[in-house]
Amino acid sequence: MIKKTFIVLMMAMLLFAAACSTKTSVSENPAEETVPSEENTPGELEIIDSEENADDKAHEDKGKVVSPLDGLKYFPEQLKNRPVAVSIDNHPDARWQAGLSQAEIIYEFEVEYPYTRYLCIFHAQEPEMIGPVRSARPYIIYYAMENDGIFVHVGGSEDAFSEIDRLDCPDVDGLYSGAMWRYYDTGKKAPHNMYTTVKSIRDEAASYGYRKEGNFEGYLFNEKPHNISKDYKDSISAQNINITYNKSNTTSYEYDKELQVYLRFKDGQKHVDELDKKQLSTKNIIIIETKKSVLDNAGRLYIGTVGEGRGMYISNGEAVEITWSKSKEASRTKFYSGNDEIKLNPGNTWIQVVNYLDNVEIEKN
């Protein structure tokens, strides 16, 4: 009986020892824990994560090509079509506008005092809705044509119609086209409620016999975003940008260091997209100084888009003085630092057309 009891006790002790040994071996195995050892430091863990992210990015970009308008990567079928260039209403009764967050390039320029208007270039993206669409002016046509855009508008000035005919500009006019409609659910009233879609415009353009494929000169882009000071020694800090068109019309941007984009404000309010209510942002801001004069009693303007002048390029919290040149109505505006054409950071671009650079205030902090 004593011998049997002794055997049972010995077996229990052996099992207990084995259990302790197993527990110890798990807790001391660094390969199965997140606690770094000398062979696996936090820095090396970050590198591994970075490599994994790079692999994911490479997989995501497989089969994609770089867009000539924003430097981002898309599938070739997204870039095969001709761009669509839409004249967008910016009267206070038209706000806020739909689809702007998905445009590759947006121009802002003056029209009849005290208002400005936008021209949005859509190439790879197709927003659910775009608008409100507004009328044509000659200088709007020239910026549309330099992007080889199907020009979308609702009516226009006599000079604008003359230029459309003279330059054989491919246009879709909402006064005569079923590709646009009055959208009353927004609470906006005519003429500030005409909307459309990229697909509707492209279908209408095809019925007119317009060329479907794009044919234009793109911009130069860095492979990856970086600070302007890396390329241009005379750059300055640019955290906040304030543009005064007149006492009743201002545009401003605030740099978001975390997102590395500029957040947009119009007349002191956050500029949001009507579709998702999110504030608009941009990677690049280009400001160009042009000549301006009043043409008639209605206040219609001449804006000197063809020629050359001064400007600013702003991105990643920095700015540099540039020059611009546009040789003819349909040619692309080129931007230079010295004798070299500048490279933009990949991402969307707002081009602010102003009468005087003195009306632009750049805050360093």
Side-chain angles (χ1 to χ4, degrees), residues 87-88 90 105-121 137-147 219-220 228 231-232 234-253 255 262 264-267 282-295 299-345 348-364:
S87 175
I88 295 289
N90 191 34
I105 300 172
I106 303 180
Y107 301 79
E108 182 176 19
F109 29 65
E110 293 181 81
V111 285
E112 294 84 295
Y113 183 89
Y115 308 116
T116 60
R117 192 162 297 171
Y118 303 133
L119 177 71
C120 298
I121 311 299
R137 297 290 181 269
Y139 46 90
I140 306 179
I141 296 167
Y142 306 154
Y143 286 129
M145 292 191 71
E146 76 171 64
N147 293 283
Y219 292 89
L220 302 180
I228 290 177
D231 300 317
Y232 309 107
D234 54 348
S235 62
I236 60 172
S237 175
Q239 302 300 310
N240 298 317
I241 318 300
N242 301 299
I243 302 168
T244 301
Y245 282 102
N246 54 66
K247 64 181 181 180
S248 302
N249 196 314
T250 62
T251 296
S252 58
Y253 297 90
Y255 186 58
Y262 286 90
R264 193 172 201 274
F265 298 79
K266 189 63 195 174
D267 297 335
T282 187
K283 186 64 179 176
N284 303 300
I285 303 167
I286 296 176
I287 303 174
I288 58 178
E289 181 184 74
T290 65
K291 296 178 180 179
K292 180 186 77 171
S293 59
V294 179
L295 296 174
R300 295 185 181 92
L301 302 177
Y302 161 82
I303 291 182
T305 59
V306 177
E308 57 188 25
R310 301 187 303 154
M312 298 288 296
Y313 171 48
I314 305 166
S315 187
N316 271 37
E318 297 179 337
V320 65
E321 291 188 20
I322 60 171
T323 58
W324 64 269
S325 175
K326 182 175 169 71
S327 59
K328 56 184 179 180
E329 292 89 350
S331 62
R332 177 170 71 78
T333 306
K334 295 189 176 183
F335 307 106
Y336 297 92
S337 175
N339 296 321
D340 298 325
E341 187 173 354
I342 67 170
K343 288 186 177 182
L344 306 178
N345 278 326
N348 63 327
T349 300
W350 274 82
I351 299 178
Q352 303 286 156
V353 181
V354 302
N355 190 209
Y356 297 108
L357 280 180
D358 290 346
N359 295 337
V360 179
E361 180 184 4
I362 297 178
E363 298 178 8
K364 295 182 179 180

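Residues passing the side chain to side chain contact (heavy atoms under 4.5 Å, CB included) test with S252 are N242, F265, sequence neighbours excluded. Residues meeting the side chain to side chain contact (heavy atoms under 4.5 Å, CB included) test with D340, sequence neighbours left out: none. S248 meets the side-chain hydrogen bond (donor to acceptor under 3.5 Å, both in side chains) test with no other residue; sequence neighbours excluded. Residues meeting the side chain to side chain contact (heavy atoms under 4.5 Å, CB included) test with Y115, sequence neighbours left out: H91, P92, V111. In this view, T116 and N90, E108, E110, Y245, N249, K266 satisfy the side chain to side chain contact (heavy atoms under 4.5 Å, CB included) rule, not counting sequence neighbours. Residues that satisfy the salt bridge (charged side-chain N to carboxylate O under 4.0 Å, His left out) test with E361, not counting sequence neighbours, are absent from this structure. Scanning for side-chain hydrogen bond (donor to acceptor under 3.5 Å, both in side chains) contacts around N359 gives an empty result, with sequence neighbours left out. Not counting sequence neighbours, S325 has no partner by the side-chain hydrogen bond (donor to acceptor under 3.5 Å, both in side chains) test. Evaluation of the salt bridge (charged side-chain N to carboxylate O under 4.0 Å, His left out) rule for R117 yields no partner, not counting sequence neighbours. Contacts of D267 classified as side-chain hydrogen bond (donor to acceptor under 3.5 Å, both in side chains), with partners at least two apart in sequence or in another chain: R95. Legend: residues meeting ring-ring contact (aromatic ring centres under 6.0 Å, His included) with F109, ordered by chain and number and at least two apart, are Y139.
Using bins of under 30°, 30° to 60° and over 60° for the plane-to-plane angle, the ring pair F335/Y219 lands in the parallel bin. The aromatic rings of Y107 and Y143 lie parallel to each other, with less than 30° between the two planes, well short of the 60° mark.
Residues Y253 and W350 are in side-chain contact: their nearest non-hydrogen atoms beyond the backbone lie under 4.5 Å apart. Counting heavy atoms from C-beta on, the side chains of T290 and W324 come closer than 4.5 Å. When side chains are defined from C-beta on, V320 does not count as touching D231, because their heavy atoms never get closer than 4.5 Å. Proximity of E112 to R137: side-chain heavy atoms (C-beta onward) are separated by under 4.5 Å at one or more points.
Between A238 and Y255, the shortest heavy-atom distance links the atoms O-CB, 4.4 Å.
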- Residues I228, I342; criterion side chain to side chain contact (heavy atoms under 4.5 Å, CB included); working and verdict: CA-CA 10 Å; I228 290 177; I342 67 170; over 6 Å; no

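One finds the OG atom of S293 at 14.0 Å from the CZ atom of R300 (value rounded to the nearest 0.5 Å). Expressed to the nearest 0.5 Å, how far CD of Q239 lies from CD of E318 amounts to 8.5 Å.
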Pairs under 3.5 angstrom only: tabulate donor-acceptor contacts from the side chains of residues 310-317 to other protein residues two or more places apart or in another chain.
| residue | atom | partner | partner atom | Å |
| --- | --- | --- | --- | --- |
| R310 | NE | E289 | OE1 | 3.3 |
| R310 | NH2 | E289 | OE2 | 3.0 |
| Y313 | OH | N284 | OD1 | 2.7 |
| Y313 | OH | N345 | N | 3.0 |
| S315 | OG | K283 | O | 3.0 |
| S315 | OG | N284 | OD1 | 3.2 |
| S315 | OG | N345 | ND2 | 3.0 |
| N316 | OD1 | K283 | NZ | 2.6 |
| N316 | ND2 | N227 | OD1 | 3.4 |

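One side chain, E146 or T333, offers a donor N or O that lies under 3.5 Å from an acceptor on the other.
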